[in-house]
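Only one structure is covered here, and it is reproduced in the block below.
Because only heavy atoms are used, hydrogens play no part in the values below, and waters and symmetry mates are left out as well, while side chains stay in. Lettering follows sequence order; numbering is per chain, from 1.
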There are 2 protein chains.
Amino acid sequence: MNNNHYITIMAGGVGSRFWPASTEETPKQFLDILGVGKSLLRLTFERFLKMVPADHILIVTNKRYKALTQEHLPELPERNILCEPSRNNTGPCVAYTALRLKAENPDAIFVTAPSDHVILKEDAFLEKIKQAFHFVENNNAIVTLGIQPTRPDTGYGYIETDCRCEGEMEDASVGVCSVNAFREKPDKNTAKEYIEAGNYLWNAGIFIWKASELIVSFKDNAPDIIKVLSEDLNKYNTEEEQSYIDEVYPNTPSISVDYAILERADNVYTIPADIGWSDLGTWNSLHAFLDKDENETVTLGANTHLINTSGSIIRSDSNKIVVVKGLENYIVVDEPGALLIYPKNDEQEIKQIVKSLNKK
Amino acid sequence: MNNNHYITIMAGGVGSRFWPASTEETPKQFLDILGVGKSLLRLTFERFLKMVPADHILIVTNKRYKALTQEHLPELPERNILCEPSRNNTGPCVAYTALRLKAENPDAIFVTAPSDHVILKEDAFLEKIKQAFHFVENNNAIVTLGIQPTRPDTGYGYIETDCRCEGEMEDASVGVCSVNAFREKPDKNTAKEYIEAGNYLWNAGIFIWKASELIVSFKDNAPDIIKVLSEDLNKYNTEEEQSYIDEVYPNTPSISVDYAILERADNVYTIPADIGWSDLGTWNSLHAFLDKDENETVTLGANTHLINTSGSIIRSDSNKIVVVKGLENYIVVDEPGALLIYPKNDEQEIKQIVKSLNKK
C-alpha cells in the first residue's frame, strides 16, 4: 500500500425514502438492508479495508451517530470518526476532510465515498480506485467514477464525457475521460437521449482527489466554505479539532460538493466503471437489486408467507409472522414503531409522508 | 333481584378467525376488539352485573385463562371461575354448570351466554332475559333468545319457530314461540328462503334454563355426558370440585349443547329479540358492526394514516404509525408477533392458515 492513500466515507445521511426501516435514530447506512447480516456501512468499510488499513479510513457522520458508528466499526480508531455538528450538505463535509487529511499528511490523496451504496464487483471497483489514485498522483486532477448506465434511469445524475463514440467508451473503460459537464437527474426522454448518445455515465458520488489540490480548488470555486473552515488551520489533526469544528462548521453555507467543486472545476476527469453498482436509493432500486421469488417478490424476513403476491418487496423482523395475500407491486415494511403498506410505483411520495408525520 | 337467578359466561374459546389479534395466549374474549378500552368479556360481565351481583355470575373457561379472567374481572369471586381441564365443546361445559349451580341452589335458573359477542341494545336485552327467567320459572322449558335476522347471513344457525306470519312474529316479539327445529348454517339460497319465510330467527347461543330440569334433560338426551359428570355429586360446590372436574371432565364426549340438548329436547322455546346483536365472529362482522370513515374503512389504532383505502379494517397498536395506500376491502392486523394483510372477502381462509402455521 501507499502511505498517502486514505478513504473517507460519508455516513451522516438519513435516507428517509427507506422509512420506516430507516429512521432518524437508525439511518439507512446502519441497516442490514440487504439481509446479509451486515450494515451497508460495514460492507463499505470492509470493501476499503482490502486497500488501506483501518487507521487510513475516516468516517464523517453526524454527532448523534458516533456511538452507532463505533458499534458497527469497532476496529476503527475513535479519532477517525469526524463528527459534523450540523447538516450542511456535502460541500463543507468534503472540505473538512481535505483540511484534516492535509494536516495529517500533506501528500494525502483520498477517496470520498458514500456509506450506503452497494457494489457487487468488488475487484473491478478496487482496480478502478487504484487507477484513480495513480492518475491523481501524477496529475492535478479530480477524478469521479462514472458508472456505465444500463437503463435510462431518471433517479441519477449523469456525467457527460468527451468520449463520444462507443468504441472510445470501451477504450476509455480502461482509461480516463475528461468531463464536459455534470447533468442533473433528467426526465425520461432526456435520459433516453443520454443513453443513445453513448457518452454519458452515472454519477455515483465516488470521488478521488489530492487533499492539497482540493483545498486550492475550494479556494477558487467555493471560497465561502473554505474560508470559514480555515480560520485556524492549526486545530486540524489535534485534540482540539472537534471543538473547533463544532464552533466553525455550522457557519459554512449548505452546498453540495457537486455544485461547489465538480460543476465548476476545470480539471475533472471520470473513469468509466462497470462495478455492479446501485445507490439503493429507494425501495424500488432495492427490489431491482435483490433476488426475487418466482413472482418477482423480494422477501426480507424469515417468517413470511405470501399468497398471490407479486412484484413486491416485503421486509419485516425475521421472527415476526407475516401473512400477505393478493398484493401486486407493493412495498410492505414492518418495523417496531411503524408499518408501511404502499404501492411500489408511488414510493417517491414516502419522503413527503415522513416529513408530514414528523411535523405532527 | 331474584336469588335463584344466575349467569354463566362461556369464555374458553380461541376465536382463531381473529388471528393475529386473537391467539391461543390471548383469545378474542380478552381483547378490546371494539377499541372501547374494555375486553369483550368485561363488557359481557358488566352487562349482566345490572341484573345479578358478581357472586351470581360464573365464568367457565380453560384452566390456562384463569389468571387472565381474574385480571379482567377483579370483582369476581375466585370460586366463580370454573376451569375446564380440556376442550370438550359446549355440551359438557353446560352440564357442568348445571350440576354446580344445582348443588349451590336447587332452584337455580341460569343464563348460558357467550363471552365474545356484542349487544348494542342493552336494556332490550335485559328485558328479554327477565322475560325468559319468568317463563322458565313457570314452565318446564328451555328458552333460547332468537335474534330477528336483518340479512340472509350464512354464518349463523337458524331457529325455525311456529310463528309463521309476520304479524304473529311481531306479536311474538313480546312473547314466546315454540321452536320447530334448529337449522345449521345454511347456504345463500336457503338463507334467503328463511328470511322470506319470516319464521326464522338467528341462534345467538344465549340460553335460559333451570338447573334441575336441564340435568333431567341431559339424562334423557345426552346420558353419556351427564353420567361421567355425576359420578360423585357431593363434590360440586365444595373445595374438591375443581380436582374432581379435572379428573372426570376429560372423559366426557365432545358434543355441542345444540346437538346434545336443543335439537333433541321437546320443550325448547324462543324469545324473538331485537337487541343489536353480533357474534363478531369474523373480521367482516366486526367491520360491519363498527363505525366507518367516509371510505367505509374501520380504523382501530390512533396513529393510522390512510390514502385511497376503502372498505377495509385496519387494526394496530395505538402507538404504532401505520401508513397504508391503495388497499380495497382488506384486513390489516398488526400485532407484536404477527402481521396479517388479507383480502376481506377471503377471511374464511385465515383459520386454515393459522392451523398450518401452528403445525410448523
Side-chain angles (χ1 to χ4, degrees), chain A residues 16-21 23-24 283 297 299-309 312-360, chain B residues 16-21 23-24 283 297 299-309 312-360:
Chain A
S16 61
R17 276 177 303 188
F18 271 100
W19 183 89
T23 61
E24 285 265 332
W283 289 113
T297 289
T299 303
L300 296 163
N303 214 342
T304 302
H305 308 269
L306 303 179
I307 306 157
N308 295 344
T309 291
S312 296
I313 179 161
I314 318 278
R315 178 188 155 97
S316 71
D317 184 290
S318 66
N319 294 316
K320 184 157 177 173
I321 298 171
V322 177
V323 174
V324 175
K325 180 171 177 181
L327 292 190
E328 202 176 320
N329 298 323
Y330 258 78
I331 302 162
V332 175
V333 183
D334 183 51
E335 297 289 324
L339 168 64
L340 177 74
I341 304 174
Y342 220 81
K344 193 153 58 77
N345 295 330
D346 297 341
E347 67 168 357
Q348 70 284 358
E349 299 167 5
I350 296 171
K351 204 168 178 171
Q352 198 50 45
I353 286 171
V354 178
K355 217 180 254 179
S356 73
L357 287 175
N358 286 339
K359 271 188 206 144
K360 280 171 190 165
Chain B
S16 60
R17 277 176 303 188
F18 271 100
W19 184 88
T23 63
E24 285 266 332
W283 289 113
T297 290
T299 302
L300 297 163
N303 214 341
T304 302
H305 308 269
L306 303 179
I307 306 156
N308 295 345
T309 290
S312 297
I313 177 161
I314 318 278
R315 179 189 154 97
S316 71
D317 183 291
S318 67
N319 294 316
K320 185 156 175 172
I321 299 172
V322 176
V323 175
V324 175
K325 179 172 176 180
L327 292 189
E328 203 176 320
N329 297 324
Y330 259 77
I331 302 161
V332 175
V333 183
D334 184 51
E335 296 289 324
L339 168 65
L340 177 74
I341 305 175
Y342 221 82
K344 193 154 56 84
N345 295 330
D346 297 341
E347 68 168 358
Q348 70 285 358
E349 299 167 7
I350 296 172
K351 203 168 179 170
Q352 198 50 47
I353 287 172
V354 178
K355 219 180 251 180
S356 72
L357 287 174
N358 285 340
K359 272 188 203 143
K360 280 173 190 162

Chain B heavy atoms under 4.5 Å from A/P20: which part of the residue, side chain, backbone, both or neither?
neither
Comparing A/P343, A/G326, A/S316 against chain B, the one with the most heavy-atom pairs below 4.5 Å turns out to be A/P343
Closest non-hydrogen contact found for B/K320 with A/D334 is NZ-OD1, 2.7 Å
Side-chain heavy-atom pair A/H305, B/L357 within 4.5 angstrom cut-off:
yes
A/L327 and B/L327: CA distance, side-chain angles, deciding distance, side chain to side chain contact (heavy atoms under 4.5 Å, CB included) verdict
CA-CA 9 Å; A/L327 292 190; B/L327 292 189; 3.7 Å; yes
Bottom line for B/I307: the part with an atom under 4.5 Å from chain A's heavy atoms is side chain
Where on A/D317 is there a heavy atom nearer than 4.5 Å to chain B: the side chain, the backbone, both, or neither?
neither
Pairwise side-chain contact, A/T309 with B/I341, heavy-atom cut-off 4.5 Å (strictly under):
no
Quick one: closest heavy-atom pair of B/Y330 and A/K325, and the distance?
OH-O, 2.7 Å
Less than 4.5 Å to any heavy atom of chain B: does that hold for the side chain of A/L340, its backbone, both, or neither?
both
Which portion of A/E335 sits near chain B, non-hydrogen atoms under 4.5 angstrom
backbone
Out of A/N319, A/V324, A/N303, return the one with the most heavy atom pairs under 4.5 angstrom to chain B.
A/V324
Cut-off 4.5 Å, heavy atoms of chain A, and the answer for B/N308 is neither
